[in-house]
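First up is the structure itself, then whatever we jot down about it.
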Amino acid sequence: MSNSSSITQFLLLAFADTRELQLLHFWLFLAIYLAALLGNGLIITAVACDHRLHTPMYFFLLNLSLLDLGSISTTVPKSMANFLWDTRVMTYVGCVAQLFLFVFFISAEYCLLTIMAYDRYVAICKPLHYGTLLGSRACVHMAAAAWGTGFLNALLHTANTFSLPLCQGNAVDQFFCEIPQILKLSCSDAYLREVGLIVVSVFVDFGCFVFIVVSYVQIFRAVLRIPSEQGRHKAFSMCLPHLAVVSLFISTGMFTYLKPPSISSPSLDLVVAVLYSVVPPAVNPLIYSMRNQELKGALKKLIQSAVFQQQ
């Protein structure tokens, strides 16, 4: 019988047994990671350099891109290294650090998505009060609160998870260190403390989800009352990308942590983990820029200036 004090390393899930498939997964993850770096990097640079984008909405979008870069950089590079060097090993300290950073970035992102829903609500439903309610100082305070909440949540869950005695070996059925998979290694009944903490977190997250839903109900009611078709189109183009990102993030994340053990399987857990940890950071820049003319114009200007400088 092993326990957490004697475990010095964990064995992560192997995607494939053959060398060819391992290399295929390496190139696939590399393409996704480079897409995330490029997309989020362009958004961060465009928002920072273009004074027309120095507004609350784009300030929060910049923070979202930073969190996306952090979350995908926490999991994907280590997985690529494992694919390339044909290994499954993750040190105990590395696993603790990875779990802490991943929960930190994911928790902060969820808080930020809630704040972004409030930003859209004020912009569309209370436009005359927008400058007062979302001034520069208020935006900085809200963003700092999102990052701080993520840090405290990650610290609490990480300390609680790794304080549990681990009696079921050191093989983690996931490609990164994830709370539900670490709990499977704990002794019987010892994991209930962390499960209770997860339930409390879920109730808080559900409160944020209700806030987002209510905000968008009010937003859509206000949009449908806009007389001009152009005004409705602009309002929807501001809100639909955020709603798409929230839907993908919440649905996959809640399924991961709330699905019953009876339907759990390594392949299903793997697919869902990829959907909520790897896909969103790569597709979020595309979703936000696809219908946003201001952002597309800033990105086009940024790319053109970079090309001209090289010439």
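In this structure, CG on Leu34 lies 9.5 Å from CH2 on Trp27, to the nearest 0.5 angstrom. Ile303 contributes atom CD1, which lies 10.0 Å from atom NZ of Lys300 (distance to the nearest 0.5 angstrom). Put simply, CZ on Phe60 and CG on Asp119 are 5.5 Å apart, with the number rounded to the nearest 0.5 Å. How far CD1 of Ile106 is from SG of Cys111: 11.5 Å, rounded to the nearest 0.5 Å. In this structure, the separation between CE on Met80 and OG1 on Thr75 is 9.5 Å, given to the nearest 0.5 Å. To the nearest 0.5 Å, the span separating CD1 on Ile7 from SG on Cys167 amounts to 8.5 Å.
Applying the ring-ring contact (aromatic ring centres under 6.0 Å, His included) test between Phe175 and each of Phe102, Phe29, Phe83 identifies Phe29 as the sole match.
Contact of the Leu270 side chain with the Gln174 side chain is registered, since non-hydrogen atoms from C-beta on lie closer than 4.5 Å. In this structure, Asn63 and Trp147 have side chains that are in contact, with non-hydrogen atoms separated by less than 4.5 Å. Ile182 places a side-chain heavy atom less than 4.5 Å from the side chain of Cys95. Here the side chains of Glu109 and Leu64 are in contact, with some heavy-atom distance below 4.5 Å. Between Tyr121 and Gln218 there is a side-chain heavy-atom pair separated by less than 4.5 Å. Residues Leu69 and Leu37 are in side-chain contact: their nearest non-hydrogen atoms beyond the backbone lie under 4.5 Å apart. In this structure, Leu166 and Phe10 have side chains that are in contact, with non-hydrogen atoms separated by less than 4.5 Å. Counting heavy atoms from C-beta outward, Val214 and Phe211 have side chains that stay 4.5 Å or more apart.
Cluster annotation: Val210 is connected to Tyr216 through the hydrophobic network of ILVMFWY side chains, with a link wherever side-chain heavy atoms come within less than 4.5 Å. Cluster membership check: Phe26 shares its hydrophobic cluster with Trp85, using side-chain heavy-atom separations under 4.5 Å among Ile, Leu, Val, Met, Phe, Trp and Tyr.
Partners of Tyr130 according to the ring pair (Phe, Tyr, Trp, His ring centres under 6.0 Å) rule, which considers only residues two or more places apart in sequence or in another chain, do not exist here. For Phe105, there are no ring pair (Phe, Tyr, Trp, His ring centres under 6.0 Å) partners, not counting sequence neighbours.
Taking both residues in full, the closest heavy atoms of Ser107 and Gly150 are given as CB-CA, 3.7 Å, listed atom of the first, atom of the second, then distance. Across Met142 and Ile115, no two heavy atoms sit closer than the pair O-CD1, 3.2 Å. Lys184 approaches Gln168 most closely through the heavy-atom pair O-CG, 3.5 Å. The two atoms that bring Ile72 and Val278 nearest to each other are CD1-O, 3.8 Å, heavy atoms only. The nearest pair of heavy atoms linking Ala117 to Ile212 is CB-CG1, 4.0 Å. Taking every heavy atom of both residues into account, Thr91 and Gly94 meet most closely at OG1-N, 2.9 Å.
Crowding of Phe220 atom CZ: a count of heavy atoms from other residues, nucleotides or ligands under 6.0 Å exceeding 12. Enclosure of atom CZ in Arg137 is not indicated, since only 12 or fewer non-hydrogen atoms of other residues, nucleotides or ligands lie within 6.0 angstrom.
Looking at Gln98, its side chain does come within 3.5 Å of a backbone N or O of Cys177 through a donor-acceptor pair. Using a distance-only test at 3.5 Å, with no hydrogens or angles considered, no donor-acceptor pair links the side chain of Thr161 to the main chain of Thr158. At least one donor-acceptor pair closer than 3.5 Å links the side chain of Arg88 to the backbone N or O of Leu12. Within the 3.5 Å criterion, the main-chain N or O of Leu183 finds a donor-acceptor partner in the side chain of Ser186. With Tyr110 contributing its side chain and Asp205 its backbone, the two residues share a donor-acceptor pair below 3.5 Å.
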Exercise for review: Quick one: do Thr8 and Val93 satisfy side-chain contact (heavy atoms from CB on, under 4.5 Å)? Show the steps, please.
Suggested key: CA-CA 8 Å; Thr8 59; Val93 174; over 6 Å; no
Practice item. Would you check, one step at a time, whether the test side-chain contact (heavy atoms from CB on, under 4.5 Å) holds for Leu67 with Leu112? Key: CA-CA 9 Å; Leu67 291 170; Leu112 190 66; 3.9 Å; yes
Taking only distance into account, with no hydrogens and no angle test, what donor-acceptor pairs under 3.5 Å do side-chain atoms of residues 40-53 form with protein atoms, sequence neighbours excluded?
| from | atom 1 | to | atom 2 | distance (Å) |
| --- | --- | --- | --- | --- |
| Asn40 | OD1 | Ser65 | OG | 3.4 |
| Asn40 | ND2 | Ala36 | O | 2.9 |
| Asn40 | ND2 | Pro281 | O | 2.8 |
| Thr45 | OG1 | Gly41 | O | 2.8 |
| Asp50 | OD1 | Arg52 | N | 2.9 |
| Asp50 | OD1 | Arg52 | NE | 3.2 |
| Asp50 | OD2 | Arg52 | NH2 | 2.9 |

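Under a 4.5 Å side-chain heavy-atom criterion applied to ILVMFWY residues, the cluster that includes Val204 comprises that residue alone. Hydrophobic side-chain contacts under 4.5 Å tie Leu24 into a cluster, directly or through other members, with Leu21. Side-chain heavy-atom separations under 4.5 angstrom define the hydrophobic clusters, and the remaining members of the one that includes Val89 are Leu11.
Taking the six-membered ring where tryptophan is involved, the planes of Phe162 and Tyr92 are perpendicular, since the angle between them exceeds 60° and thus also 30°. Taking the six-membered ring for Trp and thresholds of 30 and 60 degrees, Phe100 and Phe104 have nearly parallel ring planes, at less than 30 degrees apart.
Counted by atom type alone, His157 and Ser201 present one or more donor-acceptor pairs between their side chains at under 3.5 Å.
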